[in-house]
Amino acid sequence: MAAAELRAAGLIIFRRKQFKGPFEYLLLQTSYGKHHWTPPKGHVDPGESDMQTALRETEEESGLKEGSLKVIHNIQKTLNYEIRGKPKTVIYWLAEVKDYNVPIRLSSEHQDFKWLTIDGACELLHDTTGKALREVDQEIRNVAEFYTDSY
């Protein structure tokens, strides 16, 4: 019998000072284990959709509520890898904060956060997540002219 798949969902959150400005990505540092850095994400609860999980975990881990974000539903990344011998799937959607200076309120699961440009963020991320972030960064740059500052 195959090992049960682990499933998680989250948001890759970005901000920019001005419309054509550089993107900065939010990373959270765990307060457990090897203190790795990751976008907000968490395990999907029974009966919960992936998007519900992404929004719930983002609020729990960073304090960012759905109303403070502009979720870009058509930009999504699915990561598949193994953790402790079990397959894991993580789905991320892209989301922009509506207020550049929005406060971040960390849960006990995290000890620090940083807003970083793509290169800075990828230096801290695991290879798989860093590759996905670079792909998302390129996608948002390709369609950036379609997004406006108004919400």
**Asked** Can you check side-chain hydrogen bond (donor to acceptor under 3.5 Å, both in side chains) on S107 and E60, steps first, answer last?
**Response** CA-CA 6 Å; S107 72; E60 286 175 8; over 6 Å; no
**Request:** In plain terms, say whether R141 and D137 are close enough for a salt bridge, that is, a side-chain N and a carboxylate O under 4.0 Å apart.
**Result:** yes
**Request:** Indicate yes or no for a side-chain donor-acceptor contact from H43 to the backbone of A8 under 3.5 Å, with no hydrogens or angles considered.
**Result:** no
**Asked** Say you draw a straight line from CD1 of I12 to CG of L94; how long is it, rounded to the nearest 0.5 Å?
**Response** 6.5 Å
**Message:** So, taking the atom named CD1 in I140 and the one named CD1 in I75, what distance separates them when rounded to the nearest 0.5 Å?
**Reply:** 4.0 Å
**Message:** Can you tell me how the ring of F23 sits relative to the ring of Y25, calling it parallel under 30°, perpendicular over 60° and tilted otherwise?
**Reply:** tilted
**Item:** Exam field: side chain R15 to backbone Y100, donor-acceptor pair closer than 3.5 Å
**Value:** yes
**Request:** Rounded to the nearest 0.5 Å, what's the gap from CG on D50 to CZ on R7? Could you check?
**Result:** 4.0 Å
**Request:** Might you confirm whether atom CD of E66 has over 12 heavy atoms from other residues, nucleotides or ligands at distances under 6.0 Å?
**Result:** no
**Message:** Contact between I118 and L133 at the side-chain level, heavy atoms closer than 4.5 Å - yes or no?
**Reply:** yes
**Asked** How about P87 and L6: do any of their side-chain heavy atoms sit closer than 4.5 Å?
**Response** no
**Message:** Between E59 and K65, does any NZ, NE, NH1 or NH2 come within less than 4.0 Å of an OD or OE carboxylate oxygen?
**Reply:** yes
**Message:** Would you compute the distance between atom CH2 of W37 and atom NZ of K114 and round it to the nearest 0.5 angstrom?
**Reply:** 4.5 Å
**Asked** Looking only at atom types and distance, does a side-chain atom of S31 sit under 3.5 Å from a main-chain N or O of E109, one as donor and one as acceptor?
**Response** yes
**Item:** Side chain proximity check, V136 to F14, heavy atoms < 4.5 angstrom
**Value:** no
